[in-house]
Amino acid sequence: MTKVVKVRQVPDEESPSTSELSSKLLTWYELHRRDFPWRSASSCYEKIIAELLLQRTQAVTISNFYYTFLQEFPSWESLSVAKESRLRELLKPIGLWRQRARMLLSLSRALSEMEFRLPSTREALERLPGISQYMASAILLLCHGRKEPLLDVNMARILERVYGPRKLADIRYDPLLQKTARSAVNVDDPVGVNWAVMDLAATTCLQNTPKCLECPLSEMCQFAQRLESSAEERRT
DNA sequence: AAAGCGGGGCT
DNA sequence: AGCCCAGCTTT
């Protein structure tokens, strides 16, 4: 039984299901996952700090910095009474230090006024300083066990390559990205799918030079299929 | 919708 | 030398 040769992605062809996408991601993840300290973090504080530090910054950079930060500021309470000048100094090596120092202080102080009880609804979370859609989803996913997507530039890139480009510049308001992202993590292991996306995007589905030949999604990926068919044309 | 933040790694 | 990185706030 030979495999049917796919000719070319037809525009109105049925898009691959997100359950197929999630299943391929989870299978790949078992073998290729990266290990980072925050993935085995015990407390919500540690998980949230990791997500905050990771914004616009490569994961490897933060993995080297993570314990240094936690050692000096092991809790929301210790952070809320920190000196801003000290925070700036500590954050210098990873960049965005003015903004991060200000945000970490205002967030920890806002939580302090709530007696450090973390809100459990998106609406309440997004009222906190420094918490917008992505961070609210991260907290709901990692601290409250909800099936939320970490829809960042990485997940957006993978979803766009599989399902086609977004309509809106802002990830947070693009209907197709939002819909497919939410659907993809509606599985038994939403955290696994999210981390699989992060790892695949960082190691394989790269921004500039994606390694489609070793990607588990290439068969369902418009981008990879386009590459393949244009390579085919050059050969003939 | 676009600019600004920012040091470090990669090309 | 230039581009990108687990976003958010401000303009």
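Proteins come first, then strands; the chains are lettered A, B, ... in the order of their sequence lines, and each starts at number 1.
Residue-level contact check: Arg102(A) touches neither bases nor backbone, having no heavy atom under 4.0 Å from any strand. Residue-level contact check: Met135(A) touches the backbone only, with heavy atoms under 4.0 Å from sugar-phosphate atoms and none from bases. Residue-level contact check: Leu53(A) touches neither bases nor backbone, having no heavy atom under 4.0 Å from any strand. Across all strands shown, Arg34(A) has heavy atoms under 4.0 Å from base atoms, whether or not it also approaches the sugar-phosphate. Heavy atoms of Gln99(A) sit under 4.0 angstrom from at least one base atom. Nucleic acid contact for Arg172(A): base, since at least one base atom lies under 4.0 Å from a heavy atom of the residue. Val153(A) comes within 4.0 angstrom of sugar-phosphate atoms only, judged by non-hydrogen atoms across all strands, and of no base.
Contact of Thr57(A) with dG8(B) (side chain to base): no donor-acceptor pair of N or O atoms is detected under 3.5 Å.
Comparing the same atom, C1', in dA6(C) and in dT11(B) gives a spacing of 22 Å after rounding to whole Å. Remark: the separation of the P atoms in dG4(B) and dC3(C) is 15 Å, to the nearest Å. For dG6(B) and dT11(C), the P atoms lie 15 Å apart once the distance is rounded to whole Å.
Ring centroids of Trp38(A) and Tyr66(A) are separated by less than 6.0 Å, placing the two rings close together. Taking the six-membered ring wherever Trp is involved, the centroid distance between the rings of Trp76(A) and Tyr45(A) falls below 6.0 Å.
Put simply, CZ on Arg127(A) is 18 Å from C1' on dT9(C), counting in whole angstrom units. Summarising the geometry, the separation between CG on Leu96(A) and C1' on dC4(C) is reported as 13 Å, rounded to the nearest angstrom. We find that CG of Leu54(A) is positioned 17 Å from P of dG8(B), with the value rounded to whole Å. If you measure from atom CG of Asp152(A) to atom C1' of dC4(C), you get 13 Å, rounded to the nearest angstrom. The interatomic distance linking Leu52(A) (CG) with dG7(C) (C1') rounds to 10 Å, in whole Å. One interatomic measurement links the two molecules: CD of Gln58(A) to C1' of dG6(B), which rounds to 13 Å at whole-angstrom precision.
There is a side-chain donor-acceptor pair under 3.5 Å between Ser78(A) and Ser75(A). With hydrogens and angles left out, the side-chain atoms of Glu148(A) and Gln133(A) include no donor and acceptor closer than 3.5 Å. A donor-acceptor pair shorter than 3.5 Å cannot be found between the side chains of Arg127(A) and Thr121(A). Checked by atom type, the side-chain pair Arg34(A)/Thr203(A) shows no donor-acceptor distance below 3.5 Å.
The side chain of Trp97(A) places an N or O atom within less than 4.0 Å of a non-bridging phosphate oxygen (OP1 or OP2) of dG7(B). Considering only side-chain N and O atoms, Arg98(A) lies under 4.0 angstrom from the phosphate OP1 or OP2 of dG6(B). Between Gln133(A) and the phosphate of dC8(C), there is no side-chain N or O to OP1/OP2 separation shorter than 4.0 Å.
Take the nearest nucleotide of DNA chain C for Arg39(A) and for Glu126(A): the residue whose nucleotide is more 5' is Arg39(A). Between Gly130(A) and Leu150(A), the residue whose closest nucleotide on DNA chain C is further toward the 5' end is Leu150(A).
Here dC8(C) is the nucleotide among dC4(C), dC8(C), dC5(B) with the atom lying nearest to any side-chain atom of Tyr134(A). Counting only heavy atoms from C-beta on, Arg100(A) has its side chain closest to dG6(B) among dG6(B), dG7(C), dC4(C).
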